[in-house]
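Every chain is numbered from 1, with letters handed out A, B, ... down the list of sequences. What's counted below: heavy atoms across the whole structure, side chains too, no hydrogens, waters or symmetry copies.
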Protein chains: 2
Amino acid sequence: MKKVLVVEDELKIARLVRDYLQQAGFAVVEAADGRTALSMAAAERPDMIVLDLGLPELDGLDVTRRLRAGSSVPIIMLTARSDEADKIVGLELGADDYIIKPFSPKELVARIRAVLRRADATLGGGEMIRAGPVSIDLPKRRVTIDGTDVELTATEFDLLITLARHPGRIYTRAQLLDSIHGVSFDSYERSVDAHVKNLRRKIEPDPTRPRLVLTVYGVGYKFADA
Amino acid sequence: MKKVLVVEDELKIARLVRDYLQQAGFAVVEAADGRTALSMAAAERPDMIVLDLGLPELDGLDVTRRLRAGSSVPIIMLTARSDEADKIVGLELGADDYIIKPFSPKELVARIRAVLRRADATLGGGEMIRAGPVSIDLPKRRVTIDGTDVELTATEFDLLITLARHPGRIYTRAQLLDSIHGVSFDSYERSVDAHVKNLRRKIEPDPTRPRLVLTVYGVGYKFADA
DNA sequence: CACCAGTGTGGAGAAGTTGTGAAGGCGGTG
DNA sequence: CACCGCCTTCACAACTTCTCCACACTGGTG
């Protein structure tokens with residue numbers, strides 16, 4: 001699930017946007033002024049930011065500038081004024097899109113989705129995870145062990161990248177369920193075991209004696225470090 | 001140097017836009033009505049089109065529709081009306097952006113640059129895509145398999161180039177919908193399947209056993225790599 | 001060295017995903 | 001205004017994967 005930071009000082013609009021975005025399936029965090037926005041952006045690491053241009057004190061342009069200094073998080077600008085200077089500066093500064101008030105929530109959601117997908121598409125420039133003999137090509141969802149291809153199901157793949165992203169770090173079954181499903185239903189935690197079993201069958205030389213995906217008795221699983 | 005086709009029936013505005021664009025380093029060709037616009041678009045192959053919504057006879061929406069039937073040239077819509085229905089319809093039809101009159105030439109230039117940047121990023125700048133037995137001529141929108149021509153609809157073509165541009169890379173149905181329509185509202189994701197089916201019928205030697213456009217179970221589709 | 005919660009299986013049924021034909025709609029064309 | 005091509009949507013079957021269970025086994029603990 002994607003997390004959106006909404007920065008808006010007018011309470012009514014903020015609430016409207018929040019409700020609509022949540023209904024559309026986004027996680028929403030909020031800030032009412034520029035300074036809070038910057039710290040929220042750092043703390044929450046949202047997938048994108050919806051930013052009101054007309055904030056008190058530190059306005060939308062200032063916020064954008066400072067964000068861009070250290071991040072390329074997608075930004076959609078909300079503006080009441082339709083005069084061009086703001087728009088242009090906004091685009092030049094790196095806002096990805098903007099919407100003029102009054103806008104419809106539906107349009108906002110459509111734009112957010114478009115911007116997020118564009119961002120996703122750009123990102124995939126060959127991201128790889130390497131851990132021991134395992135290489136994982138994220139955009140292609142391809143896994144090789146010592147150079148030979150391995151076929152994984154979608155779930156097995158998601159499980160593997162969660163573990164392999166931080167070798168040595170221990171994950172509980174609940175956390176692994178989360179990484180597989182996005183949301184954690186209170187489903188049978190031990191279905192994780194089944195996926196670990198299947199995954200081991202495919203990537204372990206000897207599934208009886210795992211060397212990559214290791215059990216941490218009483219806690220969960222981890223990927224082998226070092 | 002980028003070539004821009006300006007379609008505007010009001011002479012004063014047309015002249016203003018032309019002068020400003022030329023000063024900004026674009027080559028400009030002009031049309032004063034929809035019919036001329038279509039033939040100019042075909043003859044001049046502009047890098048993008050600035051299109052007035054309120055044209056006599058064949059209006060901006062009609063022109064966009066017809067253009068989109070055989071091309072994905074970026075379009076910016078000029079409109080005097082500001083009600084959102086038009087905006088959304090415009091976007092659904094495949095306009096890449098729109099500007100409400102009165103606008104400043106400066107803003108127009110900024111938007112054109114933004115849209116062109118986006119288009120370049122997507123297109124990768126190349127004129128041809130070659131992937132296995134498939135050759136795709138982007139400007140002519142022509143596809144050949146092992147040298148023999150294949151007739152594709154506009155949608156099938158857009159789908160194919162999206163996939164073929166990065167062989168092996170996996171795209172979700174939502175991403176593919178985006179590449180087909182500029183902005184995707186929540187339409188039925190599985191219409192992508194229908195287009196894939198039709199595409200396979202046309203480009204696969206044996207559509208039952210696809211070798212080019214491959215299904216990634218639980219994720220989406222990809223073009224065959226290696 | 002017994003105990004028992006925690007873990008490793010195999011497999012059956014449930015759940016989800018995709019392929020496909022066919023129907024309906026919309027706009028363009030003659 | 002009937003036709004035609006294209007896109008969307010639906011329904012169903014075929015298929016793949018996931019979940020869940022039962023039972024065996026293991027590793028820690030006193």
Side-chain angles (χ1 to χ4, degrees), chain A residues 141 151-160 170-174 176-202 204 206-222, chain B residues 34-35 38 57-59 61-71 89 92-94 141 151-160 170-174 176-177 179-181 184-202 204 206-222:
Chain A
R141 295 180 74 90
E151 298 261 329
L152 300 182
T153 69
T155 303
E156 287 154 13
F157 183 85
D158 291 339
L159 183 61
L160 176 60
I170 304 170
Y171 296 85
T172 65
R173 287 178 175 72
L176 294 173
L177 266 185
D178 271 15
S179 73
I180 289 172
H181 292 132
V183 192
S184 97
F185 294 90
D186 41 38
S187 61
Y188 190 50
E189 282 199 349
R190 293 212 50 209
S191 61
V192 172
D193 296 32
H195 289 120
V196 168
K197 169 190 60 173
N198 297 330
L199 182 57
R200 281 175 172 161
R201 256 214 284 265
K202 294 180 180 179
E204 297 280 1
D206 175 9
T208 312
R209 309 171 120 264
R211 319 181 108 256
L212 301 173
V213 177
L214 306 180
T215 304
V216 182
Y217 191 92
V219 187
Y221 296 95
K222 69 174 181 180
Chain B
R35 225 164 289 284
L38 289 174
E57 230 184 314
L58 206 63
D59 78 9
L61 294 184
D62 297 324
V63 174
T64 305
R65 243 181 250 118
R66 300 220 196 168
L67 281 171
R68 279 289 174 267
S71 158
V89 173
E92 271 182 348
L93 271 170
R141 294 182 71 85
E151 297 265 328
L152 300 182
T153 69
T155 303
E156 286 155 13
F157 183 86
D158 289 340
L159 184 60
L160 176 60
I170 302 170
Y171 296 85
T172 64
R173 287 178 174 71
L176 294 173
L177 266 185
S179 72
I180 290 172
H181 308 129
S184 105
F185 291 86
D186 38 29
S187 59
Y188 189 51
E189 283 199 347
R190 293 212 50 208
S191 60
V192 172
D193 295 33
H195 292 300
V196 168
K197 172 186 59 173
N198 297 331
L199 181 57
R200 280 173 172 164
R201 259 213 279 268
K202 293 180 181 178
E204 297 280 0
D206 175 10
T208 313
R209 300 179 47 82
R211 318 180 108 258
L212 302 173
V213 176
L214 306 180
T215 304
V216 182
Y217 192 95
V219 187
Y221 295 96
K222 70 175 180 182

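- Here the straight-line distance linking atom CG of B:Leu160 with atom OG1 of B:Thr153 works out to 10.5 Å at 0.5 Å rounding.
- When rounded to the nearest whole Å, the span between CG of A:Leu176 and C1' of D:dT19 equals 16 Å.
- Each of B:Tyr217 and B:Lys197 was matched to the nucleotide of DNA chain C holding its nearest heavy atom; the match closer to the 5' end belongs to B:Tyr217.
- The minimum heavy-atom distance linking B:Asp158 with B:Arg141 is given by the pair OD1-NH2, 3.1 Å.
- Between the CZ atom of A:Arg190 and the P atom of D:dC25 there is a distance of 15 Å, rounded to whole Å.
- Of the residues near DNA chain D, B:Lys202 and A:Thr153, the one whose nearest nucleotide (by heavy atom distance) lies more toward the 5' end is B:Lys202.
- OP1 or OP2 of D:dC7 has at least one side-chain nitrogen or oxygen of B:Thr155 nearer than 4.0 Å.
- Following rounding to the nearest Å, A:Asp193 (CG) and D:dC18 (P) show an atom-to-atom distance of 15 Å.
- With respect to the salt-bridge test (charged N to carboxylate O, under 4.0 angstrom), the residues A:Asp193 and A:Arg173 qualify.
- One finds a side-chain N or O of B:His195 lying less than 4.0 angstrom from the OP1 or OP2 phosphate oxygen of D:dT8.
- If you measure from atom CG of B:Leu159 to atom C1' of D:dT8, you get 15 Å, rounded to the nearest angstrom.
- Between A:Leu199 atom CG and D:dC18 atom P there is a gap of 11 Å when expressed in whole angstrom units.
- Within the nucleic acid shown, A:Val192 has no heavy atom closer than 4.0 Å to any nucleic acid atom.
- For A:Glu156 (side chain) and A:Asn198 (main-chain N/O), no donor-acceptor pair under 3.5 Å exists by modelled atom type.
- Contact detail for B:Val219 and A:Ala154: the closest heavy-atom pair is CG2-CB, 4.1 Å.
- Here the CG-NE2 distance, from A:Leu159 to A:His195, works out to 8.0 Å after rounding to the nearest 0.5 Å.
- Counting to the nearest Å, the C1' atom of D:dC18 and the CD atom of A:Glu156 are 10 Å from each other.
- Summarising the geometry, the separation between NE2 on A:His181 and C1' on D:dC18 is reported as 8 Å, rounded to the nearest angstrom.
- The stretch residues 208-216 of chain A comes close to DNA chain C through A:Thr215, A:Val216, each having a heavy atom under 4.0 Å from the strand.
- Put simply, CG on A:Leu152 is 10 Å from P on D:dC18, counting in whole angstrom units.
- Taking the 5' to 3' direction, DNA chain C first and last meets chain A under 4.0 angstrom from a heavy atom at C:dA5 to C:dG11.
- Formation of a donor-acceptor pair under 3.5 Å by the B:Glu204 side chain with backbone atoms of B:Arg209 is not found in this model.
- In the interface, the side chain of B:Tyr188 is not paired with the base of D:dT8 through any donor and acceptor atom under 3.5 Å apart.
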